[in-house]
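The block underneath contains the structure these notes are about, expressed in structure tokens.
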Amino acid sequence: MVEKRPIDKLTIKGFKTLQDVELELGQLNVLIGPNGAGKSNLVSYFRMLIEMLGGRLQVWVAKRGGASRLLTFGAGHTTCLSSDIHFDDMSFQLYLEPTDTDRFTISVTNFGYQATPTKGYTYGLVSGTAESQMHRNMEGNGPIPYPNIIYNSMANWRAYHIQDTSSSAPVKLTSQLHDNRYLRQDAGNLAAYLYMLKHVYKDIYGEIVETARLAIPFLDNFVLEPEALNANSIMLKWRHKDFDYEFIPSQLSDGSLRFICLVTALMQPDPPSTIIIDEPELGLHPYAITLLGSLLESASERMQVIVATQSPQLLDEFSVDDLIVVELLDGVSIFKRLKECDFDVWLKDFSVGELWDKNVLGGGLP
């Protein structure tokens, strides 16, 4: 079984508004704060690393306007983007430097292992490359296993922001049947992934359907079959409890479709080491938001969860100890993990969501 670990501590310097962020993470981490504070920038940082691990860093950077737009206050102010990620006694260090062509060069990629308080080891990869060579260097266990454990933990990350539910959204179209190894970040392969679960993980598939029905009571079941004229393609069809007719994704409400995607992501049988979800409450019915809170709590027992939200109702499902307040000060993001003991007096009369509404927790508008 592949060993994968959650993140204990994260340091980011020079990425967008994350000029100098040091953050300790637990199993459940709920980011709250006003628009523009930097919550989504943290999600974007994880997306960048996911693309880098897949050898697609330069494409990702180009689509966002170049390296200078990703550096804090631009390349004239910030000359390097750096990050340190700790997984208990192991660590990963990364330095990205901008080039004259507004791309990034991967100047440092180090793996670390702290064997004892006074004895540590470092394994470095070739520097000065445009794309990561990590996946090539991690083939086989080699003489020292810790780089493989770190790489497996990071390569396993999943970042979701299921916002696009337009008529042309990938989740509403056909997908390739073989694209079912994991649920993609836009859930564009939802039908193929559910098809795999139905045939390989029947119990989990059944639990996903039952959970979806709690918020979508008219849902009978999904109709998951390859297209008649193209056996390599599949679309997410579903059946209403009162009709024999097969419906297509565009005949589900946006909120219902998002909820199905979130349920699937949070109940997947081979969970990632860390899952990152941006604004999961978008378009959801209040009851579905309550269910979502329970799902996130349950998922955090199997994987590390990082979620960014502005929903007071969703916050009511968590404790203050789960919250990280994000605020913007002089153009840079400040992250602060809260302690429930600091709000004991308030919590006697108000819920966590109400304290967020009242700006007692911080991170509210002036």
Side-chain angles (χ1 to χ4, degrees), residues 1-6 27-28 50 152-153 155-162 165 170-172 174-226 233-241 246-249 252 255-277 280-281 284-285 287-307 314 317:
M1 185 176 180
V2 174
E3 182 177 352
K4 49 194 179 185
R5 298 186 178 188
Q27 279 300 111
L28 179 58
I50 290 170
N152 290 334
S153 300
N156 197 257
W157 291 340
R158 299 287 178 260
Y160 296 100
H161 186 191
I162 305 169
T165 51
V171 71
K172 290 187 176 181
T174 58
S175 60
Q176 294 298 300
L177 192 63
H178 66 270
D179 185 12
N180 57 30
R181 190 163 61 88
Y182 60 89
L183 184 67
R184 295 191 175 278
Q185 67 179 26
D186 61 359
N189 65 333
L190 177 63
Y193 188 71
L194 286 173
Y195 179 86
M196 182 277 293
L197 294 181
K198 183 177 180 180
H199 289 83
V200 181
Y201 300 94
K202 295 181 180 179
D203 291 344
I204 293 176
Y205 172 79
E207 292 172 4
I208 289 173
V209 174
E210 289 298 324
T211 304
R213 285 177 183 151
L214 294 175
I216 314 168
F218 56 80
L219 175 67
D220 178 44
N221 209 331
F222 301 115
V223 180
L224 300 167
E225 300 173 354
S233 297
I234 188 170
M235 175 181 280
L236 182 73
K237 297 177 183 177
W238 58 281
R239 187 172 286 117
H240 195 290
K241 282 186 175 180
E246 293 180 3
F247 294 86
I248 60 176
L252 275 170
S256 295
L257 188 56
R258 285 196 187 99
F259 187 71
I260 292 168
C261 296
L262 290 166
V263 170
T264 304
L266 293 169
M267 297 182 71
Q268 55 188 295
D270 184 20
S273 55
T274 300
I275 188 171
I276 307 100
I277 308 178
E281 72 274 9
L284 297 190
H285 183 276
Y287 179 61
I289 292 177
T290 300
L291 290 174
L292 176 63
S294 297
L295 283 168
L296 290 165
E297 283 272 14
S298 178
S300 69
E301 298 175 4
R302 303 187 304 121
M303 64 187 98
Q304 184 176 52
V305 175
I306 301 173
V307 57
L314 185 57
E317 303 303 312

Handout entry: Expected output: side-chain Asn189 to main-chain Arg184 donor-acceptor under 3.5 Å
Key = yes
Using a 4.5 Å cut-off on heavy atoms from C-beta on, say whether the side chain of [Y] contacts that of [X].
X: Leu190; Y: Thr264; value: yes
X: Leu292; Y: Leu266; value: yes
X: Met267; Y: Leu295; value: yes
X: Met196; Y: Tyr201; value: yes
X: Ser273; Y: Met303; value: no
X: Val209; Y: Asn221; value: yes
X: Pro226; Y: Tyr195; value: yes
X: Thr165; Y: Arg258; value: yes

Closest non-hydrogen atom pair, [X] against [Y]:
X: Gly255; Y: Leu284; answer: O-CD2, 3.3 Å
X: Gln185; Y: Ala159; answer: CB-O, 2.7 Å
X: Lys4; Y: Asn152; answer: CB-O, 4.3 Å
X: Pro280; Y: Leu262; answer: O-CD1, 3.3 Å

Exercise for the section: For the residue pair Phe218 and Trp238, categorise the inter-ring angle as parallel (less than 30°), tilted (30 to 60°) or perpendicular (more than 60°). Expected result: tilted
Handout entry: Whether over 12 other heavy atoms sit under 6.0 Å from Lys241 NZ
Key = yes
Practice task
Look at atom CZ of Arg213 and say whether more than 12 heavy atoms of other residues, nucleotides or ligands are closer to it than 6.0 Å.
Solution key: yes
Completion exercise
In this structure, CD of Gln176 is separated from CD1 of Ile234 (nearest 0.5 Å) by 11.0 Å
